[in-house]
Structures are given as C-alpha cells and as structure tokens.
**Q** 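Here you go, one structure.
Read the numbers this way: they start at 1 and go in the same order the structure lists the ligands and their atoms.
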Amino acid sequence: MQKTAHITFTEQSAVQRCMENERRQTYMIDGYPVTVQRWMRTGILFERTNRLLIFVKPSSSGCTLDEKELRSYFETNYGPVKTFGWTLENVATIEFDDYDSVDRAIITSLTHTINGITVRLEKMRSFNVRQAYENIVAPNDIKFCVHVTNVPPHISGEQLAVLFGSRVWDVLIRKSINADTDPFEAWILKLNTLTDAQQLATSVKTIDGINVQCNAEEEPLNEWTLCSGNRDGWCKHGNDCIYRHITCKYGDECMYDQCPFSHSTQRNIVPNPRYRSAGLLNSVEAPEMLEGATIRYFYLVRQAAEKLARKRVYEWHDYPIRPNYTVKCQLEYDRAPIEQTSTASSVNTNSYQQLSTIFARNF
Ligand SMILES: [Zn+2]
Ligand SMILES: [Zn+2]
C-alpha cells in the first residue's frame, strides 16, 4: 500500500539536490523504492505526469507560435522533449522524458511568455490515471470500502484521497446539518478485496489529530444508482449504462416484484416500474458567500446517476477554470432536507438522497 509523506526543507537548494536525476533513481527506504516529486501549491494537479498542455494565446496582431519555437523553449529551459502534438488549433501537448520537467515549468509560472506570445500551462492527467478511472467506473460489481466515521468537518475529499491513497472521485462524503450531533462520515470506495479494505482501515487512526473510526465493509449500495430498466433485463446500454446493472442474487427465482436488481427477460414476475422525476435532476445550487470568504461553492445536486457524478469529479477536479481559479470537486450525498433529519434521525436517509459534486475555489 502506498504512503505519502511531505518534507519541508529550510533551503530551496535542498529541493533541487533532492530532485537531481541520478539521486532520484536510487531512493530506497527499508528496501522499498521511494518516488519523490515537488509539492504543488493548492489548486494544481499533484499527480505525476510527463505531459504538459500548452494553451497559446495569439497576439492581437495574429502572431502565434509554431512547434519549433515551443519545443526549443521547453527543451532549453526544462529538459528533453519526447513528443509534441497539436490537440487543437492553439493547444499543444508536450511529453517530456521526465515528470519533473512538467513540475518545474508549472512551478515557475502557470503562464509563460515566449517570443512575446503568452502561453498558459496545465498538467495533463497521465495515461495511467485516466486508465484507472475508466477501469474503476465501468464495472458494475459491488466492491469493498473503508467506512470512516467522525471525520473532521473541514477535511476535503481531496485530503481524504491523499490520506488513504485513493482518488478524489472514489471518496464519498456525507455531511450533516450539525457536525457536533451528527459527525460527518466518508467512504473510501472501490477497493478490490475485503483484505485490502481491512489493511487500509487499520492504517489510519487519526485525521488532523481527531480520532476516527475506520471499518472495512462492502460498498454502500443506493437503490437509485441501480438501473430500473434492467429489472426485467431489457436495458440495452450494457456497460455504458449510467445506472448500475447488478444481477439479483436470487436470479430469475426472485419473487419480489419491487426488487431493484437486474433479472433476465425470462423471469415470470413483471417488475414494478419505477420512474425518475426528470425535472429534479442535475440542478445547480450556489449558497450565498459569507463575508470575507475566498472560496465560492457550487453544488451540482441531485445527479441523475452515481457514474455521472463521479465522471464530473474526474473531469473537473483541479481544472484551472481561469488564472487563479481552480475547480475543486468532491463527491457528497445531497444534504437531507431539515424536516427529514429532525423527525426520524434513526432512519438512514442516505438511500433517499442523491449525489452532489462540484465546488469551486480560488487560492
Ligand atoms: Zn441500464
Ligand atoms: Zn431480485
């Protein structure tokens, strides 16, 4: 299991020495190889990647940059370039030999001026991470998770992801109206085996000095994430369906006409159809900003499906929407309306709720 540690040096030259290529190949602790990378300030993709996206802003007179100019600028200043390509008319991708080249270019500045033309830089998610997202979102089977209770209210999904070696779209958070009486909880999702979950659960005891409880268990399964069209086996979307297809463990012998799981078309019982109220889906809520607040929150509430909510987090998290503004996302259950929590606090209201995803903030 991967662990991450942060080291702050007293001198900048120490960081430089630490990142020297020959040294970096040889770092070992107790016989395990250790990978080092520069710490990114909040708002910049922390993930290691060899790819840099370059947005060229042509000058008012229409002057722009060509491949040769871009290549030579980045090669001279940040190290060997492996490949170069134009993704769009004014958007280029550079692949460096070394991930540290990307970090050095980004740390220097998010905007660079080359021959009088301004370019904006962005780290591009590595192929591996995109692959990890694709693999994990597609399957419909139920996996395991670590259920964390008593989560300190100020902790973000991103911080939990780093702490548990997960990804931000695999961390689900439930906030409550009052954190004192009803502590926040979180689920670190998509763990392959119960053993993985158990190991991870024992590895974290406190978060920011607060004691937390971690339990390994099956992922929570919310009925509204299941495909109602596949209750009788007729959904044609297969793996691309935004709702989950989870086969009923009783198969076609299942006698329950309201059973939310998937059965085949051969089943004798006609399932009770269930319609979603489309008018309620996917609305944006932007709570009023408190005075002096530097973070602006937006909630995309009542997401139609879990897969869509996770996809939004994957696509938008760490997206620099404009200079000095980076979108941060996390996956949350919609907060229960006040009437619900005050009357029946023992009822698990999560099953009636859907997911929220986005919030944006500046730094
Ligand atoms: Zn379906
Ligand atoms: Zn069933």
**Q** Does NZ or CZ of R24 come closer than 6.0 Å to the centre of the six-membered ring of Y99, within 45° of the ring's axis?
**A** yes
**Q** For F55, is the NZ or CZ atom of R120 found under 6.0 angstrom from the centre of its six-membered ring and inside 45 degrees of the ring axis?
**A**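 Positive - R120 is close enough to the ring of F55 and near enough to its axis.
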**Q** Tell me whether the Zn ion (ligand 1) has C241 as a neighbour, meaning an N, O or S atom of it below 2.8 Å.
**A** yes
**Q** So which of the N, O or S atoms of H245 lies nearest the Zn ion (ligand 1)?
**A**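 Nearest to the Zn ion (ligand 1) within H245's N, O and S set: NE2.
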**Q** At the Zn ion (ligand 2), what is the angle formed between atom SG of C254 and atom SG of C259, rounded to the nearest 10°?
**A** 110°
**Q** Mind checking whether Y314 and W316 have ring centres under 6.0 Å apart?
**A** no
**Q** Name the one of R310, K190, K143 that satisfies side chain to side chain donor-acceptor pair (under 3.5 Å) with D170?
**A**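 Single side chain to side chain donor-acceptor pair (under 3.5 Å) partner of D170 among R310, K190, K143: R310.
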**Q** For the metal site, I want the angle between atom SG of C235 and atom SG of C227 with the Zn ion (ligand 1) at the apex, to 10°.
**A**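 About 110° at the Zn ion (ligand 1).
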**Q** Can you name the side chain to side chain donor-acceptor pair (under 3.5 Å) partners of T193, sequence neighbours left out?
**A**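 Here the qualifying residues are D196.
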**Q** With rounding to 10 degrees, what does the angle H263:NE2 / the Zn ion (ligand 2) / C248:SG come to?
**A** 100°
